[in-house]
2 protein chains.
Amino acid sequence: MARPRSFDPDDVLEIARQVFWQKGFQATSLDEITAASGVAKPSLYAAFGDKNALFLKVLDRYHDGILGWAERVLAQPGPGREAIRQWLTGFIPYCSGEKGQRGCLSINSATDGSLDQAELRKSIERYNRRLEELLRARLRADRAQFRKGFDPDVTAHTIMVVHAGLLALAHQRPDSKRVKAVIDQVMGLLA
Amino acid sequence: MARPRSFDPDDVLEIARQVFWQKGFQATSLDEITAASGVAKPSLYAAFGDKNALFLKVLDRYHDGILGWAERVLAQPGPGREAIRQWLTGFIPYCSGEKGQRGCLSINSATDGSLDQAELRKSIERYNRRLEELLRARLRADRAQFRKGFDPDVTAHTIMVVHAGLLALAHQRPDSKRVKAVIDQVMGLLA
DNA sequence: CATGTTCTGTACTTACTAGTACATAACGAA
DNA sequence: TTCGTTATGTACTAGTAAGTACAGAACATG
């Protein structure tokens, strides 16, 4: 029919994610994405729309990756307590050391003053809601394993807060031991 | 000796703080600060240095305000548990509702890819260290009020994480009741 | 091979913004 | 009043980045 695309859109989204994650939305120019991906601007515009739309696609892809992983970890058999601990522990590499410096793409972009706030907030809110639902569902299902009066809904939200806090402080590249100590202490709420 | 300044530098820093906090560092142009403050660019440069330096002064002023308040609240007599609860509770207006949308200037700026990272990180790190020291000092002093095996150092850090998490999620303008519920639950770690 | 269609790359336009040159205004001192 | 000094405001420079026009390339189909 016509000339085929010379690149895989998903590859480009992956590369764009790395650049956006490292430098932030505003500080990343489309020329940098072109340089990193080898795809020229008109092709980017044709495939993804403008810079905002491209970023939202990158962000949704990022969210989907984390959600997919959370679904797998939180669905595992055994005590819910251990599933949640494993989920939190899995973030340690992203919350500490050199890799932690970039923080969380989702949290970072929430502060970006030049993104289209309406669409962005919807995307982030959907992500957070889904994540919290996964936690809540597991805590409710395993309710019997916890102490009397245990509130799965509040606890799910508290875990979300701790999770966000660890990623927000990740920019300081804390020692992974400190991150682990916090997780261990917070796990005390699940008893 | 010479022509006196026609503005109070501290007033300008206060106005600049509002603008930076609302829009973020990159998305705020010096022209906007000029418009908001009535002070022209050459005067801003003469008084504060370039945009980075101006922002760092604004940020340090922001930090000092929060630290001063924390010192007062955390120094109050009575059980340490209540001092810390009051400190956390004091953040609720900044973590919820309309006002919460802007989040925390310090956390927001940590993700800004065009700020001078070296100086910025130093400033934020100093702030976080000082804040955590205040918490830790109070928890250590009131150690006897807590259960056996209570670890004031880890707990201070956990509270910092929760605090950062609440402010990171503030952009979604959560209901203040949810914020309060999280604080109440986390206070369970102080027993 | 011809044709219609869609993609690609170069080069451009447009807009914005950090930072500054320069002429002038406002002060204190003599 | 005059002079030296420092602040102010206008107007400019220079650089960067988002978005696009357009000519040509690469495919499928007939």
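Each chain gets a letter, A, B and so on, in the order its sequence line appears, and its residues count up from 1.
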Check A/D151 against B/Q185 and note the closest heavy-atom contact, atom names and distance. O-NE2, 4.5 Å
Taking for each residue the nucleotide of DNA chain C bearing the nearest heavy atom, is the 5' side occupied by B/P4 or by B/L30? B/L30
Can you give me the closest heavy-atom contact between B/L30 and B/L44, atom names plus distance? O-CD1, 4.4 Å
Here the distance between atom C1' of C/dT13 and atom CG of A/D31, to the nearest Å, is 14 Å
Atom-pair distance (CD on A/Q26; C1' on C/dC16), nearest Å: 13 Å
Rounded to whole Å, NZ of B/K41 lies from C1' of D/dA7 at a distance of 17 Å
Phosphate OP1/OP2 of D/dA7: any B/S43 side-chain N/O under 4.0 Å: no
How would you label the contact of A/T28 with the nucleic acid (heavy atoms, under 4.0 Å): base, sugar-phosphate, or nothing? sugar-phosphate
Please report the distance, rounded to the nearest Å, between NZ in A/K23 and P in D/dT16. 12 Å
How close or far is atom P of D/dG9 from atom OH of B/Y45, stated in whole angstroms? 16 Å
Could you tell me how far apart A/R3 (CZ) and C/dT8 (C1') are, to the nearest whole angstrom? 5 Å
Could you check if a side-chain atom of A/F146 sits within less than 4.5 angstrom of a side-chain atom of A/L139, using non-hydrogen atoms only? yes
Separation of C/dG28 atom P from B/R5 atom CZ, nearest Å, is 16 Å
Taking for each residue the nucleotide of DNA chain C bearing the nearest heavy atom, is the 5' side occupied by A/V39 or by B/P42? A/V39
Protein-nucleotide distance (B/F48, atom CZ; C/dA18, atom P), rounded to Å: 16 Å
For B/V179 and B/P174, work out which heavy atoms get closest and say how close. CG2-CG, 4.1 Å
On DNA chain D, does the nearest nucleotide to B/A2 precede the nearest nucleotide to B/G38 from the 5' side, or the other way round? Give the residue. B/A2
